[in-house]
Amino acid sequence: MIYFIMAMEAEARPFIKRLQLSEDLMFNLRLPMRRLKGKYCGIDISVIINGKDKKFNLDLIGTQAATIATQQAIERQYPNLIISAGTAGAFAGKGADVGDIYLSYPHVAFHDRRVPISGWNEMGIGSFPVYDTRKMAQELGFKLGIVTTGDSLDMSPTDAAMIETIGGEVKDMEAAAVAWVASLYQIPMFCIKSVTDLVDSTHHATHEQFARNLETSVEKLTDAMITVVEYLAKHSSDYC
Ligand code: SAH
């Protein structure tokens, strides 16, 4: 069984439609998180969506919701693999383009945690090792990179410096939270991220690029998610 943990409904909708996944009405009646389930290539697939904020009726993006979504899903049924899938920012200066697909490797980390005391600092950043995606990326033509997570869409100069130190190539708001929970349960995890915006662009604000590129990036994300499931079905019996 594979769990895709996703923040936004708009990111998940085309995948849910293509795989004809159906709502798990018993997932959690008290929380906004949702689970959709089905089968593809003989593998049980679930998409966990963070759900909507009650007050604002907006997708619950960010690390808090991603943490609960991942934990709740695991406690309901243990998956063999967890994939944090969604959109992300990346760096033109590191060769990225809008619509690129990145698989995380060798780890994911938090870029907005600052506790300048030895040990605590490293724990905050996390650096959670991920499933070895190298062969998969090579065969499927995806890029590889360190994914870093913080709770803001923009990038402050402090965040930028931290991302540089960590060697981050992909910037999102959920991956490290998902990775942390997966690590607690010792479940293998990696990310599939589709680039909506180039955070080092001096011409266009991140949120404008995000809005403009969301639809095409999500199409690419959906194709990538399907290709990854097909690849895993072909190369391993671990997930059936
Ligand atoms: N829902 C809002 C914007 C959300 S953008 C809207 O429609 O306008 C934030 C989401 O996209 C998060 O889930 C995050 O993981 C991802 N994301 C895309 N680009 C990002 C970037 N440059 N930095 C951080 N997160 C990014």
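When a ligand or atom number is given, it counts from 1 through the structure's own listing order.
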Quiz item: With no hydrogens and no angle check, is any side-chain donor or acceptor of Asp151 less than 3.5 Å from a backbone partner on Thr63?
Solution: yes
Could you go through residues 218-227 and list every donor-acceptor pair under 3.5 Å that involves a side-chain atom there, pairing it with any protein atom two or more places apart or in another chain?
from, atom 1, to, atom 2, distance (Å)
Thr222, OG1, Val218, O, 2.7
Asp223, OD1, Arg18, NH1, 3.1
Asp223, OD1, Arg18, NH2, 3.2
Thr227, OG1, Asp223, O, 2.5

Quiz item: Around ligand 1, what residues show up once you keep those with a heavy atom under 4.0 Å from it?
Solution: Ala7, Met8, Ile61, Thr87, Ala88, Gly89, Ser152, Leu153, Lys171, Asp172, Met173, Glu174, Thr196, Asp197, Val199, Thr206, Phe210
Quiz item: Can you list the residues that meet the ring-ring contact (aromatic ring centres under 6.0 Å, His included) rule with Phe91, with sequence neighbours excluded?
Solution: none
Exercise. Write down the atom of Gln209, the atom of His204, and the distance for their closest heavy-atom approach.
Key: NE2-O, 3.0 Å
Exercise. Using the side-chain hydrogen bond (donor to acceptor under 3.5 Å, both in side chains) rule, collect all pairs that involve residues 114-128, keeping only residues at least two apart or in two chains.
Key: none
Practice problem: Group every Ile, Leu, Val, Met, Phe, Trp and Tyr by side-chain heavy-atom contacts under 4.5 Å, then state whether Leu19 and Met8 land in the same group. | Solution: no
